[in-house]
Amino acid sequence: MLLSVEEAQKIILGSVHPLNRIARVPLTQAYNHILAVDAHADTDVPPFTNSSMDGYAVLSRDVSNASDSSPVTLAIDGVIRAGHPQTEPVVPGHCYKIMTGAAVPDTADAVVPTEWTKPGADAGHVQILRPVMPNAHIRPRGEDMVQGQIVISQGSLITPPVLGMLATIGLQPVPIVQAPRVAILATGDELRAPDEPLPLGSIRNSNSYALYGAIVEAGGEPVLYPPVADDPKAINALFQRAAEECDLLVSSGGVSVGDFDFVKSVIEASGHLTLWRVNVKPGKPLAFGDVRGVPIIGLPGNPVSALVTFELFVRPTIRVMLGDSHWPRPCMRLPLAEDYTAVEDRRQYVRCRLLVEAQHLVLKPHLNQGSAVQSSWQDVDALMIVPEHTGPHRAGEELDTLLLSLSHIA
Ligand code: AMP
Ligand code: MG
């Protein structure tokens, strides 16, 4: 019996731990990292009561009877600009002209927007055309955040609005969880660099670059090693070196039952092989173990198998190392836009596009689900899960689906 995806995830994630290494980086480098501490507001936000409109700071009771047909005239005592607070109070019959974001003077309890006024008899007066409720168009001190309050909790992803909040509370530099260093270890005699000529029988090493992007996206720091030949000594030397330099090793290729597949035996010789082979299509020959205590995930060589198993096993491992327990992707039941007829004896993860039909999301499986067909991944936002021995599945039938992104919805 092959291990299920869930059993394999449990074994892998049960043996890795959050790294808990903190780095302090400028705000400009903190995007997409994980906040390592609870972030407290160092002041009230806003730090002073201010106007939310361009208008006039008034005593609301002065204008309670104002209307278009009988405006109330107020004397303007001055202009308050943002960044230039005014300390004098507002007295009855008077007001200050005030700009958005400027501090509202003591005693003024409302702002009349410019749109509700018209000019007075001279520049020193204004006519108010509508009453305002007390506190209207005023943003009170501390409305958004209160000094000392935790405004972003430890473990939060640093998104654009979080960057803005961190700047607002003056958290610079930002303590972030350091990304795990993830070694990219491609194996295969046939591999050539993308800029090398291709002699007959060779292919370009694409896995290393696809995995590079996937590791960055998952929050890891990729460390790219040159591909290694199908030679146990050379593979062992590379794995040993990477285990000294990285927190997680990710290999591709050499993990199946071919005569020149040595990844498994090298792991066994230099550490432990904890699991091999999972009930998943594509990606069955997945291996997991450690090299001198450093976890290693051996991905299959076929490019699509490598990315599917990255998604199922490596990405969650990176998230757990980052201290993020919310690693699972959203899983939804979505209907097929057309028949999907392949029945397999392993659980399939089917590359699908998401389409919007009659305002509902539907799944459009890529026509060629071959594990070497890289072009089948290009526009993919979702992996539809087809349980083993089920099908054919008909258009309209709903299946569990992992949502990877929403970038290509058409
Ligand atoms: P293997 O698991 O080593 O037998 O590899 C399975 C298939 O994946 C073979 O067709 C390999 O040529 C191909 N493959 C292995 N590594 C890579 C790589 N780094 N980039 C692209 N294809 C690869
Ligand atoms: Mg190989």
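It should be emphasised that the depicted structure is a prediction, and the values quoted were computed from it without experimental measurement. Just so you know, ligand 1 is whichever comes first in the structure, and atom 1 is the first atom listed for that ligand.
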Q. Closest non-hydrogen protein atom to atom 10 (O) of ligand 1, residue and atom name please, with distance?
A. Asn302 OD1, 4.1 Å
(Q) With rounding to the nearest 0.5 angstrom, report the CG to CG distance, Leu157 to Asn32. (A) 5.5 Å
Q) For ligand 1, which atoms sit closer than 4.0 Å to a heavy atom of Ile203? A) 12 (O), 21 (C), 22 (N), 23 (C)
Q: Report the residues that fulfil side chain to side chain contact (heavy atoms under 4.5 Å, CB included) with His40, sequence neighbours left out, ordered by chain and then residue number.
A: Asp38, Ile150
Q) Under 3.5 Å, is there a donor-acceptor pair between the side chain of Thr390 and the main chain of Pro387? A) yes
Q) Any donor-acceptor pair under 3.5 Å linking the side chain of Asn279 with the backbone of Leu2? A) no
Q: Taking Ser270 for its side chain and Val266 for its backbone only, find out whether a donor-acceptor pair lies under 3.5 Å.
A: yes
Q: May I ask you to identify, for Glu190, whether its side chain, its backbone, both or neither come under 4.0 Å of ligand 1 on a heavy-atom basis?
A: side chain
(Q) I'd like to check whether Ser256 has a polar contact with ligand 1, where a contact means an N/O of the residue lying under 3.5 Å from an N/O of the ligand. (A) no
Q) What is the closest protein heavy atom to atom 17 (C) of ligand 1, and at what distance does it sit? A) Asn207 ND2, 3.2 Å
Using atom types as modelled, flag every donor-acceptor pair under 3.5 Å from a side chain in residues 172-179 to any protein atom, sequence neighbours excluded.
| residue | atom | partner | partner atom | Å |
| --- | --- | --- | --- | --- |
| Gln172 | OE1 | Leu27 | N | 2.9 |
| Gln178 | OE1 | Arg21 | NE | 3.1 |

Q) Which atoms of ligand 1 have any heavy atom of Arg204 under 4.0 Å away? A) 20 (N), 21 (C)
Q) Just which atoms of ligand 1 are under 4.0 Å from any heavy atom in Asn205? A) 18 (C), 19 (N), 20 (N)
Q.
Nearest non-hydrogen contact with atom 14 (N) of ligand 1 belongs to which option: Ser371, Gly201, Ser305, Gly301?
A. Gly301
Q | Minimum-distance protein heavy atom relative to atom 4 (O) of ligand 1 | A | Asp261 OD1, 4.0 Å
Q. Are any side-chain N or O atoms of His366 and backbone N or O atoms of Arg351, one a donor and one an acceptor, separated by less than 3.5 Å?
A. no
Q. So, is Leu191 polar-close to ligand 1, with some N/O to N/O distance under 3.5 Å?
A. no
**Q.** Polar atom proximity, Gly254 to ligand 1 (N or O, under 3.5 Å)
**A.** yes
